[in-house]
Novice: 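Structure incoming, see below.
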Amino acid sequence: QVQLVESGGGLVQPGGSLRLSCAVSGSIVTSYEMAWYRQLPGKQRELVAVLTSGGRTKHADSVKGRFTISRDNAKTMVYLQMNSLKPDDTAVYYCKFSDYETDYWGQGTQVTVSS
């Protein structure tokens with residue numbers, strides 16, 4: 001079993017930055033995938049960025065060059081650094097841990113970009 005605890009959301013002005021954190025604990029596995037998703041108001045949840053256990057990353061075109069997914073050296077924390085934020089980045093952001101059997105989701109954290 002895996003537990004995810006998110007933090008770092010809040011209110012920020014356009015052009016500002018936030019760093020979301022996801023603390024990962026539980027079963028030790030060799031192969032896994034971490035991802036950040038977001039759900040815009042009234043919209044379907046969408047993939048933002050992916051990080052594999054091998055350290056490979058991929059970012060959605062809508063955030064490429066502005067957002068960066070990363071992990072710490074102990075691989076217990078996963079981050080989403082968000083720069084140059086826009087009002088249309090306003091959403092609930094979720095972290096997800098996937099192994100070969102199960103997807104685990106964080107509780108979500110609200111990010112609001114507004115002047």
Side-chain angles (χ1 to χ4, degrees):
Q1 55 182 305
V2 173
Q3 296 181 22
L4 308 174
V5 180
E6 293 174 301
S7 62
L11 176 65
V12 65
Q13 294 183 349
S17 298
L18 284 174
R19 188 179 74 165
L20 306 183
S21 300
C22 184
V24 184
S25 62
S27 299
I28 299 173
V29 297
T30 301
S31 298
Y32 62 87
E33 181 180 276
M34 294 294 309
W36 286 96
Y37 286 74
R38 68 184 183 185
Q39 188 165 16
L40 278 65
K43 302 294 183 63
Q44 183 178 346
R45 192 174 299 181
E46 64 183 31
L47 180 66
V48 175
V50 176
L51 184 152
T52 72
S53 53
R56 300 180 184 271
T57 63
K58 185 180 185 301
H59 299 80
D61 288 342
S62 59
V63 306
K64 193 174 299 181
R66 300 189 298 122
F67 293 8
T68 304
I69 188 171
S70 63
R71 66 188 179 194
D72 67 353
N73 291 333
K75 302 177 182 179
T76 58
M77 297 288 291
V78 179
Y79 306 100
L80 185 68
Q81 179 66 47
M82 304 185 294
N83 299 325
S84 301
L85 283 161
K86 306 174 182 178
D88 58 2
D89 293 319
T90 295
V92 179
Y93 285 73
Y94 300 88
C95 63
K96 185 185 78 173
F97 176 97
S98 297
D99 58 21
Y100 287 127
E101 297 183 354
T102 309
D103 295 340
Y104 302 87
W105 291 88
Q107 79 283 1
T109 185
Q110 176 71 47
V111 172
T112 302
V113 185
S114 176
S115 60

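Just the heavy atoms: all of them, side chains too, but no hydrogens, waters or symmetry mates, feed the values below. Count residues from 1 along the sequence.
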Novice: Grab the two heavy atoms, one from Gly106 and one from Glu6, that are nearest each other, plus how far apart they are.
Specialist: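 Looking at all heavy atoms of both residues, the closest pair is C-OE1, 3.6 Å.
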
Novice: With a cutoff of under 4.5 Å between side-chain heavy atoms, which Ile, Leu, Val, Met, Phe, Trp and Tyr residues group with Val5?
Specialist: none

Novice: Under 3.5 Å, side chain of His59 to main-chain N/O of Val48, donor-acceptor pair present?
Specialist: no

Novice: Show your working on side-chain contact (heavy atoms from CB on, under 4.5 Å) between Val24 and Thr76 and close with a plain yes or no.
Specialist: CA-CA 5 Å; Val24 184; Thr76 58; 5.6 Å; no

Novice: side-chain contact (heavy atoms from CB on, under 4.5 Å) between Val78 and Cys95: does it pass, once the steps are laid out?
Specialist: CA-CA 8 Å; Val78 179; Cys95 63; over 6 Å; no

Novice: Please name the pair of heavy atoms, one in Val113 and one in Thr90, separated by the smallest distance, quoted to 0.1 Å.
Specialist: N-OG1, 2.9 Å

Novice: Taking distance alone, no hydrogens or angles, what donor-acceptor pairs closer than 3.5 Å link side-chain atoms of residues 33-42 to residues at least two apart or in another chain?
Specialist:
from	atom 1	to	atom 2	distance (Å)
Trp36	NE1	Tyr79	O	3.4
Tyr37	OH	Lys96	NZ	3.1
Arg38	NE	Glu46	OE2	2.9
Arg38	NH1	Asp89	OD1	2.9
Arg38	NH1	Tyr93	OH	3.0
Arg38	NH2	Glu46	OE2	3.3
Gln39	NE2	Lys43	O	3.2

Novice: Could you check if a side-chain atom of Leu4 sits within less than 4.5 angstrom of a side-chain atom of Gln107, using non-hydrogen atoms only?
Specialist: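 No - every pair of side-chain heavy atoms lies 4.5 Å or more apart.
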
Novice: For the backbone of Met77 and the side chain of Asp72, can you confirm whether one donor and one acceptor N or O come within less than 3.5 Å of each other?
Specialist: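 Looks like yes, one N/O pair under 3.5 Å.
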
Novice: Rounded to the nearest 0.5 Å, what's the gap from CZ on Phe67 to OG on Ser62? Could you check?
Specialist: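 Those atoms lie 7.5 Å apart.
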
Novice: Flag yes if Trp105 and Leu47 sit in one hydrophobic cluster, no otherwise; membership is Ile, Leu, Val, Met, Phe, Trp, Tyr, and two members link when side-chain heavy atoms are under 4.5 Å apart.
Specialist: yes

Novice: Is the backbone of Ser25 close enough, under 3.5 Å, to the side chain of Gln3 for a donor and an acceptor to pair up by distance?
Specialist: no

Novice: Can you name the closest pair of heavy atoms from Leu80 and Ala49 and give their distance?
Specialist: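 Heavy-atom minimum between the residues: CD1-CB, 4.4 Å.
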
Novice: So, do Val50 and Thr57 sit near enough that their side-chain heavy atoms are less than 4.5 Å apart?
Specialist: no

Novice: Measure the shortest side-chain to side-chain distance between Thr109 and Leu20 over non-hydrogen atoms and say whether it is less than 4.5 angstrom.
Specialist: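 Yes, at least one pair of side-chain atoms sits under 4.5 Å.
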
Novice: Applying salt bridge (Lys or Arg N to Asp or Glu O under 4.0 Å), name anything that partners Asp88, two or more places apart in sequence or on another chain.
Specialist: none

Novice: Working to the nearest 0.5 Å, report the span between CD of Gln13 and OG of Ser115.
Specialist: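 Answer for the CD-OG pair, Gln13 versus Ser115, is 7.0 Å.
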
Novice: If we only count heavy atoms from C-beta on, is the Met82 to Val111 side-chain gap below 4.5 Å?
Specialist: yes

Novice: Is any side-chain heavy atom of Ser17 closer than 4.5 Å to a side-chain heavy atom of Gln81?
Specialist: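 A side-chain contact under 4.5 Å exists here.
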
Novice: Grouping I, L, V, M, F, W and Y whenever their side-chain heavy atoms are under 4.5 Å apart, do Tyr32 and Ile69 come out in a common cluster?
Specialist: yes

